[in-house]
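The figures that follow rest on heavy atoms only: side chains count, while hydrogens, waters and symmetry mates do not.
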Amino acid sequence: MNVIVGLSNLMEHELDNPQKMREYIQKIQTSSNHLLGLINDVLDMSKIESGENRMNIETFDLTEQIREIDMLIYAKYRFVITDNGIGMKKEYLEHIFEPFSRQENSVTNRVQGTGLGMAITKNIVDMMSGIIQVESEEGIGSTFEVIFEFRIDKEKEKSSPAQPRKNEINSGESDILKGKRFLCAEDKELNAEILKALLEMEGAECEICTNGEEIVERFADVREGEFDAILMDVQMPLMNGYEAARAIRSGTNPLGRTIPVIAMTANAFADDIQQSLVAGMNAHISKPMDMGVLRKTVVKVISETPQTPMVVRIAGTKEIPKPRR
């Protein structure tokens, strides 16, 4: 925060120096990402310690996961990750999973960090009934071993056709937003301005509604082909994003059954994501918005959205059609 405030003050005196401005902006972005990571880590740790964090049990393609995370795998779902970094002292290994714990030396003191990463990792592994172990030697490197037991979805194995590789799905994704039109719900004026500018930089267009009621009323008159997807803020006055998504899915406009709806929120916990899906949304992205993540999400929801919806029951409402996930 000190870096962000300090550099913001310096920028006021360097408005006519583009090189300095670029340098300051890059440093502010780096510090902002670090601050955001720190806040998220603290919130994650707080939820885990309070017992509020939930684990979602979902099927996944283990082979595809291994392709994405270059690591060694052995029998019984044993994951081993080895590095040749600076290593750790044996005395510190007893404290590695403690919150806010970091080995103090001349190297680590120059690297930004919160000391929460391994504590969060240990808690998540415990929640999944797994085991995590670490061996390390200073000056040589570290080896982490994680062991999980996963239930095999035999029905999925029988019925699932071979899936294309991720890089095949994502080909041409860099300009996926170009020409797209989004109907957006965002109650904060500055956030709406930033969202609009980011989408326009990608060659996309958007129409902003300032609360949940407004976007529901606007969608009632939407014509086929007018919008490609909805970007839905969650925390809004009058009607929140969950309620607005339910209203659109069950509304009089039949397009509401199939149009992709993407939640936008600063809440990135598993139960927040689950709430978005239960409300009828197709996906969830965290604020501040990363355009790379939005591109990938748009590719995913568009490829998965069918022409004919399936029917699901949302608690507290009548049965409504929802796009197949």
Side-chain angles (χ1 to χ4, degrees), residues 1-15 17-50 52-53 68-71 81 83-89 92-93 95-125 132 134 136 141-142 144 186 188 190-191 193-195 197-198 201-202 233-235 263-270 272-273 284-297:
M1 179 59 77
N2 289 335
V3 172
I4 294 170
V5 172
L7 289 176
S8 298
N9 291 332
L10 289 176
M11 288 174 71
E12 293 182 2
H13 305 284
E14 299 287 355
L15 297 176
N17 189 336
Q19 185 174 347
K20 274 288 184 186
M21 290 290 283
R22 280 194 293 270
E23 179 184 334
Y24 290 155
I25 289 170
Q26 186 176 13
K27 290 177 179 177
I28 286 176
Q29 288 173 337
T30 300
S31 297
S32 299
N33 289 333
H34 175 61
L35 180 60
L36 182 64
L38 172 60
I39 294 170
N40 286 336
D41 283 350
V42 171
L43 292 174
D44 281 343
M45 200 65 208
S46 175
K47 273 212 166 188
I48 289 170
E49 289 181 337
S50 66
E52 294 179 14
N53 224 26
E68 293 182 9
I69 52 172
D70 184 19
M71 65 171 65
I81 303 97
D83 66 53
N84 58 355
I86 60 174
M88 294 172 279
K89 295 178 180 177
Y92 173 70
L93 293 181
H95 308 283
I96 188 172
F97 297 118
E98 296 173 4
F100 302 104
S101 171
R102 297 188 75 198
Q103 178 172 279
E104 298 294 328
N105 61 42
S106 60
V107 177
T108 57
N109 288 344
R110 294 198 300 267
V111 179
Q112 291 181 330
T114 62
L116 286 172
M118 293 311 304
I120 292 172
T121 301
K122 177 68 164 63
N123 276 279
I124 291 174
V125 170
I132 182 169
V134 57
S136 186
S142 305
F144 290 85
E186 173 57 72
K188 300 290 190 301
L190 184 55
N191 287 347
E193 182 181 339
I194 293 171
L195 175 61
L198 287 172
M201 287 170 61
E202 297 283 334
D233 187 23
V234 171
Q235 301 298 329
M264 303 184 301
T265 174
N267 301 328
F269 296 111
D272 300 309
I273 296 172
H284 175 287
I285 56 178
S286 302
K287 292 181 178 180
M289 185 180 293
D290 181 320
M291 297 309 288
V293 172
L294 179 60
R295 290 189 210 103
K296 286 181 175 19
T297 304

Taking all heavy atoms of Gly292 and all of Asp290, pick out the closest pair and write down the distance. N-OD1, 2.8 Å
Out of curiosity, Glu186 CD to Ile194 CD1, how far, rounded to the nearest 0.5 Å? 9.0 Å
d(Ile285 CD1, Met291 CE) to nearest 0.5 Å is 8.0 Å
Side chain to side chain contact (heavy atoms under 4.5 Å, CB included), that's the test. Do Met118 and Val134 meet it? Break it down for me. CA-CA 11 Å; Met118 293 311 304; Val134 57; over 6 Å; no
Hey, could you give me the OG/CG distance between Ser142 and Leu93, rounded to the nearest 0.5 Å? 7.5 Å
Residue of the set Thr121, Ile124, Ile96 for which side-chain contact (heavy atoms from CB on, under 4.5 Å) holds with Ile132: Thr121
Before you tell me yes or no, could you show the steps for Glu23 and Glu14 under side chain to side chain contact (heavy atoms under 4.5 Å, CB included), namely the whole-Å CA-CA distance, both residues' side-chain angles and the distance that decides it to 0.1 Å? CA-CA 11 Å; Glu23 179 184 334; Glu14 299 287 355; over 6 Å; no
With a cut-off of 6.0 Å (strictly less than), are more than 12 heavy atoms of other residues, nucleotides or ligands near CD of Gln26? no
Looking at every non-hydrogen atom in both residues, tell me the closest pair between Gly141 and Ser136 and how far apart they are. O-OG, 3.2 Å
Would Ile28 and Met11 satisfy side chain to side chain contact (heavy atoms under 4.5 Å, CB included), going step by step from the backbone distance to the final call? CA-CA 11 Å; Ile28 286 176; Met11 288 174 71; 3.5 Å; yes
Distance (rounded to the nearest 0.5 Å) between His34 NE2 and Ile39 CD1: 10.0 Å
What distance separates Ile273 CD1 from Ser286 OG, expressed to the nearest 0.5 Å? 6.5 Å
Please give me the minimum heavy-atom distance between Glu202 and Arg295, naming the atom from each residue. OE2-NH2, 2.8 Å
How far does CD1 of Ile25 sit from OG of Ser8, to the nearest 0.5 angstrom? 10.0 Å
Please say whether more than 12 non-hydrogen atoms of neighbouring residues, nucleotides or ligands are located less than 6.0 Å from CD in Glu193. no
Side chain to side chain contact (heavy atoms under 4.5 Å, CB included) evaluation trace for Asp233 with Lys287: CA-CA 10 Å; Asp233 187 23; Lys287 292 181 178 180; 3.0 Å; yes
Using modelled atom types and a 3.5 Å cut-off, is there a donor and acceptor pairing between side-chain atoms of Thr265 and backbone atoms of Val234? no
